[in-house]
Protein chains: 2
Amino acid sequence: MELDERKMKILQAIIRNYLETGEPVGSRTISKYTDLNLSSATIRNEMADLEELGYILQPHTSAGRIPSDKGYRLYVDNMMKAKALELAEKEKEVDNMREFLNDKVDKVETLLKNMAKMLATNTDYAAMISAPQVHKNKVKFIQLSQVENHQMLCVIVLEGNIIKNKIINVKEDIDNETLLKLNILFNSSLNGLTLEEINLGIISKMNGQAGEQLEIARSVLDAVAEAISAEDNLEIYTSGATNIFKYPELSDSSKAKELISTFEEKQLLSSLIEKDNEGSDNGIKVYIGEETPVHTMKDCSVITATYELEEGVHGTIGIIGPKRMDYEKVVDTLKYIKDQLDSVYKKKE
Amino acid sequence: MELDERKMKILQAIIRNYLETGEPVGSRTISKYTDLNLSSATIRNEMADLEELGYILQPHTSAGRIPSDKGYRLYVDNMMKAKALELAEKEKEVDNMREFLNDKVDKVETLLKNMAKMLATNTDYAAMISAPQVHKNKVKFIQLSQVENHQMLCVIVLEGNIIKNKIINVKEDIDNETLLKLNILFNSSLNGLTLEEINLGIISKMNGQAGEQLEIARSVLDAVAEAISAEDNLEIYTSGATNIFKYPELSDSSKAKELISTFEEKQLLSSLIEKDNEGSDNGIKVYIGEETPVHTMKDCSVITATYELEEGVHGTIGIIGPKRMDYEKVVDTLKYIKDQLDSVYKKKE
DNA sequence: GTTAGCACTCGGACAAAATGAGTGCTAACA
DNA sequence: TGTTAGCACTCATTTTGTCCGAGTGCTAAC
């Protein structure tokens, strides 16, 4: 037995209906819902087949059918094109976004936080967005300056204008000239290098040149190492975690707690961040149910997209919702946001 | 009718019992629970009085009594001294904290995040902690440097070592000498000043001296204004929002959603941040039920404490839990944390 | 002032009954 | 051979009724 066109149509009708209502859908409903002009009895026969094929399942005897993960997958991969965002709605969203985008584009952090919030509000699902990660963090600029007695400020700018600050306490102050020398030394020795490239050789060479300021040089190197190491840099913004309460299948206490905890402990979301941005389609990936890398989200679907602010500087946007989420709308929205983010800085130049 | 000693004892017993069990407590229980040697009937009479006085109430006829907000208030203000943290437990907590404190004290942000997490874990309530606010933000140090073609980095250090960075795009680069001059100009003009003190006079004077670099000077001033203005600086870390699911009276969908949303939208918590740290007792304040400034928390109690990292640099710690929270333990814990935070930096110097 | 006794209230738990959506199967039909 | 009407059956949900017990308020006696 295999999926003929009629079965496809019926499956599609089931999924559509279930996405809308969230209720198991019965044969009678489909018999009217479609333009196939088939009686409920016939539909029942076909449904039995679809169940045997694994595309739908029954929560219990004498209930309607709901799509299985496999059914959703087929839908997402093959059947989804038809519907599209209502034009009016899209217009409205575009306006919203432009507003946000024009607002404070100079602060990436604010922009991304706003983005997350907007996504959550617009979709009624939970949204996450990771701050851009530089694939290979490179030092672009280092500056050491005296702020106060016994306190130095070390500013490190990485490729992609990621700025790190560190206050370093020193035993004795150094004069301006030495400071200048040190700055030149740091910049000439470390600029353009990744963490791996700052190897022992360079460090010992620097130590040699730093002369008496060994202690400071060591502190600076530590700061650089800290700034540059990728782990610490993972920053994730989330919004709309409480949207899950809108979906009864997710909002019983234990599930809700688990999900929201996952959102609170943002580290747990890191496995959703794409390392490679070679996604199937525009860098957009759809995880359905058990497919998701985060186990606590096994009752959800997750859709992620990768954006690229500047060459080599990319992050991930994710939408988490119930399995019966509006895949088309979310994919469209993510595509749009992705495009916007992709062009924010590129356009400006 | 007024509160004699016996009524006090009975009220105290009711509250203690309710804090432990979370169930309405009946006359029979109290009759045994206390060492008053009174029959349940007598207790009932007293309870009727206590109810009339407004210290306790009945969820419904034929249920036991639970404390009213007024009852809790009396308890917190007058009856609480007796119990104290178990010594063993306290020791354990102290150890935990020391561990956290010793870990990465150099990064205030990390420290506070860890603190919040620890508080939430230790108390089983939700915790919030506001990053230190400087009462009157003063500029301590400004540095402008060239990072790349057409890109300047402006670093602003405020009193209390709060560091702000801003990338400024410029039309044409400036030579090293001018840069040096500008830096000296900024530092000599702005250091030690608050936002109010940087008035139009100074700005126009600076404009005069900046000469051709007017555009840059303006950008820098903007950056300073942004860095220094208090609103943007409000940073609040939260943890353990999902702990509320541990208390049935808070964990039905709608209440939980409201509470967790409040935690997510951290701005909503700002009214809990104390502007003046002149609290009643050690800067610790207890809000019970309707007393709390955040309306969504009317079914909760909130306890806040103010800490002071350095002279004039303070923030607020808050614990949010059910009204039947363990007030003594929370107050003790907050006091302890407050002391720790108060001394972290002061000790070091 | 305290206590024992008793009638009364009311929420919660439990079980039986009613409801109804939906199925699977069979037999008839085109 | 595919389609359909009809019917018995299943099972989650809702409704209804009953019971139970914790706890109260009141009264009368101590």
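Per chain, numbering begins at 1; letters A, B, ... match sequence-line order. No hydrogens, no waters, no symmetry mates; every other heavy atom, side chains included, goes into these values.
Between the Tyr125(B) side chain and the Asp326(B) main chain, a donor and an acceptor come within less than 3.5 Å of each other. Under a 3.5 Å cut-off, the side chain of Gln58(B) and the backbone N or O of Ala63(B) do form a donor-acceptor pair. Counting only distance, with no hydrogens or angles, the side chain of Ser130(A) and the backbone of Thr316(A) share a donor-acceptor pair below 3.5 Å. A side-chain donor-acceptor contact under 3.5 Å links Lys70(A) to the backbone of Leu53(A).
In this entry the distance linking CD1 of Ile14(B) with P of dG23(D) reads 12 Å, nearest Å. Per the geometry, NZ belonging to Lys7(A) stands 10 Å off P belonging to dT3(D), to the nearest Å.
Contacts between residues 39-48 of chain B and DNA chain C, counted as heavy-atom distances below 4.0 Å, involve Ser39(B), Ala41(B), Thr42(B), Arg44(B), Asn45(B). Of the residues in residues 51-64 of chain B, Gln58(B), Ser62(B), Ala63(B), Gly64(B) come within less than 4.0 Å of DNA chain D through at least one heavy atom, sorted by number.
Here chain B contacts DNA chain C (any atom closer than 4.0 Å to a heavy atom, that is under 4.0 Å), and the contacts span dT2(C) to dG11(C) from 5' to 3'.
Minimum interatomic distance between Ser251(B) and Ser253(A) (heavy atoms only, all atoms of both residues): O-OG, 3.8 Å.
When side chains are defined from C-beta on, Asp299(A) does not count as touching Glu249(A), because their heavy atoms never get closer than 4.5 Å. Val302(A) places none of its side-chain heavy atoms less than 4.5 Å from the side chain of Val294(A).
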Pair Met325(B)-Thr123(B), side-chain contact (heavy atoms from CB on, under 4.5 Å): steps then yes or no: CA-CA 9 Å; Met325(B) 67 162 61; Thr123(B) 59; over 6 Å; no
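Under the 3.5 Å distance criterion, with hydrogens and angles disregarded, a donor-acceptor pair is assigned to the side chains of Ser261(A) and Thr242(B). A side-chain donor from one of Arg16(B) and Tyr75(B) sits under 3.5 Å from a side-chain acceptor of the other.
Under the ring-ring contact (aromatic ring centres under 6.0 Å, His included) criterion, Tyr327(B) pairs with Tyr72(B), not counting sequence neighbours.
Using a cut-off of 4.0 Å between Lys/Arg side-chain N and Asp/Glu carboxylate O, Lys117(B) and Glu265(A) are scored as salt-bridged.
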Pairs under 3.5 angstrom only: tabulate donor-acceptor contacts from the side chains of residues 28-37 of chain A to other protein residues two or more places apart or in another chain.
from	atom 1	to	atom 2	distance (Å)
Ser31(A)	OG	Leu38(A)	O	2.9
Tyr33(A)	OH	Glu20(A)	OE2	3.4
Thr34(A)	OG1	Ile30(A)	O	3.1

Taking Watson-Crick and G-U wobble pairs with both distances under 3.5 Å, convert DNA chain D into its dot-bracket string, 5' to 3', dots for unpaired and | for cross-strand pairs. ||||||||||||||||||||||||||||||
